[in-house]
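Some notes on the structure that comes next.
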Amino acid sequence: MALVGTKKMFEMAYKGGYAIGAFNVNNMEITQGIINAIAEEKAPLILQISRGARKYASMSYLRGIIDVAVAENPDIPIAMHLDHGDTFEICKQCVDDGFTSVMIDASKLPFDENVKVTREVVKYAHDHEVVVEAELGQLGGIEEDVVGVSSDDISKHLTDPAQAEEFVEKTGCDSLAIACGTSHGAYKFKTEPKLAFDVIEDVSKRLPGFPLVMHGSSSVLKEFKDLINKYGGDMPDAMGVPEDAISRAAKMAVCKVNIDTDLRMALTAKIRQVFVESPAEFDPRKYLGPGREAIRNMVKHKLHVLDCAGKASECL
Ligand code: G3H
Ligand code: 13P
Ligand code: ZN
């Protein structure tokens, strides 16, 4: 089966009260770890590529890896999605490159400008049968190419539900990333966070049946934080979104949950462990292999948190 869009996945996820995992890919081992998990759990999948990933690995290599994953898993619906495209031009490039879904993240712009660029992307993407995720409101946290508000300000930049309704009507986007208290990266919060479920609830009442997206949804798992710190790392203050909060959002209108940091930490933890326990090791397969295996196990677990395990066939 060829790459698919997200329309059917979101329709089924909305009706079934679950969410699709959207995992960021940057190289072969990360992709294989994710694919091995979804193949075992028979879950629908969104593989997402950031601008940073395009720069790091090059689109042709990432596309080659994803094409193999799709060919080897004909019973699994897999979408290839641009994560945090910030201009019309990058979104157009990805549509032309064969992505089945693109995100235009113009959330830093004033409302009217966000509407304008999102509409342009929607027009071009829909003309090419590609779906569009847009964003309204601002998340916290910082990654390579995605800079948000400071962690103290997260609650001041939540999505305004009335604006969300107007935004979706004016842009015609297919899904909307909302700011509901999550944050990108490993240092999301200083204390146990409370997500704004009231915002999710309010937006979904105004836009019945419309799929919402939750970015910054890594949980910063203790297992990997502890391994990283035990084997020479320095991430003592890392803190993420509790998994029970993710499960609760997945039962609501949130149909796509973005996870990158948990993949990075799983891979890093295992590489650090091998380097410290076997300092003479210099075969990359001996440290990337355990990293890939840790990603597989972690993603398998996440698919149950999102409750999308076993849902591949209904999303085809
Ligand atoms: O939300 C952003 C993603 O985690 C991608 O991060 O721009 O460092 O690749 P990146
Ligand atoms: P995390 O940093 O929480 O993994 O979020 C990833 C993300 O939102 C990608 O768009
Ligand atoms: Zn994001």
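Reckoned from all heavy atoms, side chains included, excluding hydrogens, waters and symmetry mates. Computed from a predicted structure; not experimentally measured. As the structure lists them, so they are numbered: ligands from 1, and atoms in each ligand from 1.
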Vertex the Zn ion (ligand 3): angle to NE2 of His84 and ND1 of His215, to 10°?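 So the angle at the metal works out to 90°.
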List ligand 2 atoms under 4.0 Å from [X], heavy atoms only on the residue side.
X: Gly185; answer: 2 (O)
X: His215; answer: 8 (O), 10 (O)
X: His84; answer: 10 (O)
X: Gly216; answer: 1 (P), 3 (O), 5 (O), 7 (C), 8 (O)
X: Asp83; answer: 9 (C), 10 (O)

Answer with yes or no whether the hydrophobic clustering places Val254 together with Tyr14; edges join I, L, V, M, F, W, Y residues whose side-chain heavy atoms lie under 4.5 Å apart.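 Different hydrophobic clusters.
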Any Met103 heavy atom less than 4.0 Å to ligand 2: no
How about [X] and [Y]: does a side-chain donor come under 3.5 Å of a side-chain acceptor?
X: Asn24; Y: Asp83; value: yes
X: Asp97; Y: Gln93; value: yes
X: Asp226; Y: Tyr231; value: no
X: His84; Y: Gln48; value: no

Is [X] reaching over with its side chain to a backbone N or O of [Y], donor-acceptor style, under 3.5 angstrom?
X: His301; Y: Asn297; result: no
X: Thr159; Y: Leu136; result: yes
X: Ser217; Y: Met214; result: yes

Just distances here: any N/O of Arg264 and N/O of ligand 1 closer than 3.5 Å?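 Among all N and O atoms of Arg264, at least one is under 3.5 Å from an N or O of ligand 1.
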Contact (N/O only, under 3.5 Å) between Asn26 and ligand 1: no
Can you name the atoms of ligand 1, numbered from 1 with element, that are less than 4.0 Å from a heavy atom of Asp260? 3 (C), 4 (O), 5 (C), 6 (O)
Numbered atoms of ligand 1 (with element) below 4.0 Å of His84, judged on heavy atoms: 1 (O), 2 (C)
Do the side chains of Met239 and Lys225 get nearer than 4.5 Å, heavy atoms only?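 Heavy-atom side-chain distance check fails, nothing below 4.5 Å.
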Tell me which part of Ser217 gets within contact of ligand 2: side chain, backbone, both or neither, using heavy atoms under 4.0 Å.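 It is the backbone that gets close, since no side chain atom is under 4.0 Å.
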Counting only heavy atoms, which portion of Asn24 has something under 4.0 Å from ligand 2: side chain, backbone, both, or neither?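 Under 4.0 Å from ligand 2, Asn24 contributes side-chain atoms alone.
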Do ligand 2 and Asp262 have nitrogen or oxygen atoms that lie under 3.5 Å from each other?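 There is no such contact.
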Please check whether Ile259 reaches ligand 2 - meaning an N/O of the residue sits under 3.5 Å from an N/O of the ligand, judged on distance alone.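 No: no nitrogen or oxygen of Ile259 is under 3.5 Å from one in ligand 2.
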Could you tell me if Lys311 sits above the aromatic ring of Tyr18, with its cationic atom closer than 6.0 Å to the ring centre and no more than 45 degrees from the axis?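 Ring-cation test returns yes.
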In this structure, does ligand 1 have an atom that sits under 4.0 Å from one of the heavy atoms of Lys55?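 Checking ligand 1 against Lys55, which is what was asked, there is no heavy-atom contact under 4.0 Å.
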So which of Ile49, Ile46, Val4 actually passes side chain to side chain contact (heavy atoms under 4.5 Å, CB included) with Met80?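 When Ile49, Ile46, Val4 are each tested with Met80, the side chain to side chain contact (heavy atoms under 4.5 Å, CB included) holds only for Ile49.
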Centroid-centroid under 6.0 Å between Tyr287 and Phe275 rings: yes
What part of [X], side chain, backbone, both or neither, has a heavy atom within less than 4.0 angstrom of ligand 1?
X: His215; result: neither
X: Gln48; result: neither
X: Asp83; result: side chain
X: Asn24; result: side chain

Taking the Zn ion (ligand 3) as the reference point, name the nearest N/O/S atom of His184. NE2
Taking everything shown except Glu277 itself, do over 12 heavy atoms lie less than 6.0 Å from its CD? yes
Note: heavy atom closest to atom 3 (O) of ligand 2, options Lys188, His184, Met265, belongs to Lys188
